[in-house]
Number of protein chains: 4
Amino acid sequence: MAGQTPRRADVRRNEQALLDAAAAAFVAAGVEAPVRDIAARAGVGVGTVYRHFPTRADLVVAVYRHQVEACAEAGPELLAAGATPFAALAGWINHFVDFLVTKHGLAAVLRSDSTGFDALHAYFLDRLVPVCGQLLDAARASGEIHSEVGPVALMRGVGNLCIGADSDPDYDARRLVELLVAGLRQQR
Amino acid sequence: MAGQTPRRADVRRNEQALLDAAAAAFVAAGVEAPVRDIAARAGVGVGTVYRHFPTRADLVVAVYRHQVEACAEAGPELLAAGATPFAALAGWINHFVDFLVTKHGLAAVLRSDSTGFDALHAYFLDRLVPVCGQLLDAARASGEIHSEVGPVALMRGVGNLCIGADSDPDYDARRLVELLVAGLRQQR
Amino acid sequence: MAGQTPRRADVRRNEQALLDAAAAAFVAAGVEAPVRDIAARAGVGVGTVYRHFPTRADLVVAVYRHQVEACAEAGPELLAAGATPFAALAGWINHFVDFLVTKHGLAAVLRSDSTGFDALHAYFLDRLVPVCGQLLDAARASGEIHSEVGPVALMRGVGNLCIGADSDPDYDARRLVELLVAGLRQQR
Amino acid sequence: MAGQTPRRADVRRNEQALLDAAAAAFVAAGVEAPVRDIAARAGVGVGTVYRHFPTRADLVVAVYRHQVEACAEAGPELLAAGATPFAALAGWINHFVDFLVTKHGLAAVLRSDSTGFDALHAYFLDRLVPVCGQLLDAARASGEIHSEVGPVALMRGVGNLCIGADSDPDYDARRLVELLVAGLRQQR
DNA sequence: CATGAATGAGGATTCATTCAT
DNA sequence: CATGAATGAATCCTCATTCAT
């Protein structure tokens, strides 16, 4: 129970090296990059990776925590920024898409049901679903959307639409997500 | 003397069993499902799989072909059925989603970028894109939709939304696809 | 019990086609050529190969029977030809080497102890050892050689020296066999 | 800090166990012995084999090296030991045969023409051919032998004669090699 | 704490051989 | 008799994960 950050300097250095290495490996080979590659990039043994991040999901979470946090914080900010709630929602979804599309293979893992990514799923849901829900509720309250779709379903759909967007330049996930969001406004 | 199809009844049965088994295996474990699993589902030895389908791509193509033909034929039929073009498009997309989700969960391969599936992608696109394009054009001509999204993008989006729909009962791909299709009507 | 040759014409034709095909396959890929290749070359099913030649050794024996017979018959002829017994032995060994060297991979199989080649070994020994033994005895009787090496050992040695002679043009098995034969004359 | 050899004792032990196991497996089943068998003989997992020797050739080379060095060093020693050059040559060949037959039965690989063993062949030749050549030259200079056979051919012949000597107690490779060596003295 | 060696499950592929048609 | 489809053992190789040092 030492708070978030380890006290020993070398340990902290190792952890940071691992995060950097993992980020680089994820870029190069996707979030399923071999553990050994990550360890090699960080200049440590594989055991050290496992010590710091018992599961791959833990590592992924750690690598992307900052960006997830930023995404989570963007929700209330957008809502408070003056535009309509629907515009805020659309803006936030944009933010989310940017995040997913730039992280090689992350979108695909987000929908993977293999155990071992549970921590990742949990973190994503814990952190972002409330934000998305708040935006959806606000847009619903303002009468801009009528759909009853919930935040989990919406995020899952957006996530799915982003699968493969990083590796195929001809695939424009953003446009399709726009369509999906536009669909929310439709009367039903 | 039978041209394309094998003459011996057991061989034909086996091939069909293999196709069914592969389809099921793809649903359960994706297009990269172990050959041994497919063989086991079909009740045959692995050698039999390799005899009928020397490469995995051959198998996937064969599994697809069956369904793809039915789907392709459904397009003109729906268009001729009397409802509006947009209704025909929506109906066809429904059909497509059924194909992807209910029966085979092949959505994942649609987006696979691994080489070796090129032949598969090509076939898929060759056969279905024109059908979808025709429906899109008709709906556009009738003034029901204004979006400029093309058939390739639309199908890819629908395909992506279907990923994982078979294995997760809480994920309602149809609803999200409805949203996407609804989005097509939006003014631009 | 119909004597050596089958009575039905088509069967005889098949057998001959198989012998030719096997000979060709042995040249191209060695005596361990896949059964399916041989069947394909003969334009028959693999089952037919097995019907005619239950084991690979049976096939090899059949393919080379003529040449083995010729080799066996050459022994007495050389002995009767007027030269010294040692010269006859040397000549016969030459004959034997020619046979082995021109049969891709046969020499290697001759020393293989894998069951399945038993028939081949047996045939070779049955047919050629007595011939070689006769020549050795004669040379010993004439006082030209003193070595006590027996025909089995000698043939085995010659066979071994021939291994790989077909695939490596730099390897001159004949010269080494000459050395071996020359060694027989040495006083002990 | 140890240069070539691994520092951890258990690793070194493992590597040696692997070399011994591979040598034994090669004797029993040839250089193409299943990796799993080698691992089992060494009491390790297959992964360990691959860690130490990424390719089969690496393993075979390593197994050879050990013995080859000893054999190479024996040449000059025998020559300096006082007997005639021919006796030294005969002694060295004996050593070589022991190496091939008694300890490892590696003779079969010496003649393997499968690519991937090129490095092995090269090493073998580089190390032993000069030694054998020196002995041959000396024996030729002393007038004890007259044959023009070179070291490569001689070694190849000896190697071939040793094939299968380990697995067949009735096959006396040494006697045949003696014959071959005796043949070197023959006038031509 | 860090290391990286060892493990072994997991998945692919080939081919000899049998046997239903 | 002939066919060739089916079988499945045998082998290869990769990596995630554990644990002795």
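Proteins come first, then strands; the chains are lettered A, B, ... in the order of their sequence lines, and each starts at number 1.
Put simply, the residue from Asp58(B), Val44(B), Leu19(B), Leu18(B) that forms a side chain to side chain contact (heavy atoms under 4.5 Å, CB included) with His52(B) is Leu18(B). Each of Leu120(C), Asp166(C), Val63(C) was compared with Leu106(C) under the side chain to side chain contact (heavy atoms under 4.5 Å, CB included) criterion, and only Leu120(C) meets it. Residue Val31(C) is tested with Val60(C), Leu110(C), Leu59(C) for a side chain to side chain contact (heavy atoms under 4.5 Å, CB included); the sole match is Val60(C).
Between Arg12(B) atom CZ and dG4(F) atom P the separation is 17 Å, expressed in whole Å. What separates CZ of Phe53(B) from P of dA12(E) is a distance of 16 Å, to the nearest Å. Between the CZ atom of Arg13(D) and the P atom of dA6(E) there is a distance of 10 Å, given to the nearest Å. Atom-to-atom, CG of Leu59(B) to C1' of dG11(E) comes out at 15 Å; the value is rounded to the nearest Å. Protein atom CD1 of Ile38(A) is 17 Å distant from nucleotide atom P of dA2(E), rounded to whole Å.
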List, with names and distances, any nitrogen or oxygen atoms from the protein found under 3.5 Å away from nitrogen or oxygen atoms belonging to nucleotides 7-11 of chain F.
from, atom 1, to, atom 2, distance (Å)
dT7(F), OP2, Gly45(B), N, 2.5
dT7(F), OP2, Thr48(B), OG1, 2.6

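Here dT18(E) is the nucleotide among dT13(E), dT18(E), dA5(E) with the atom lying nearest to any side-chain atom of Tyr50(C).
The side-chain tip of Arg65(A) points at the ring of Tyr123(A) from less than 6.0 angstrom away and within 45° of straight on.
Partner assigned to dA2(E) is dT21(F), using Watson-Crick or G-U wobble distances below 3.5 angstrom. Using the Watson-Crick or G-U wobble rule with both distances under 3.5 Å, dT7(F) pairs with dA16(E). Both distances falling under 3.5 Å, in either a Watson-Crick or a G-U wobble arrangement, place dA9(E) opposite dT14(F).
Smallest separation of non-hydrogen atoms from Ala24(D) and Arg41(D): CB-NH1, 3.6 Å. A pairwise comparison of heavy atoms in Val61(C) and Ala119(C) identifies CG2-O, 4.2 Å as the closest pair.
Remark: His66(D) NE2 is loosely packed, at most 12 non-hydrogen atoms of other residues, nucleotides or ligands lying under 6.0 Å away.
Residue Asp10(D) is the one, among Asp10(D) and Thr55(C), whose nearest nucleotide of DNA chain E lies closer to the 5' end (criterion: closest heavy atom).
A sub-4.0 Å separation between OP1 or OP2 of dA2(F) and a side-chain N or O of His52(C) is present.
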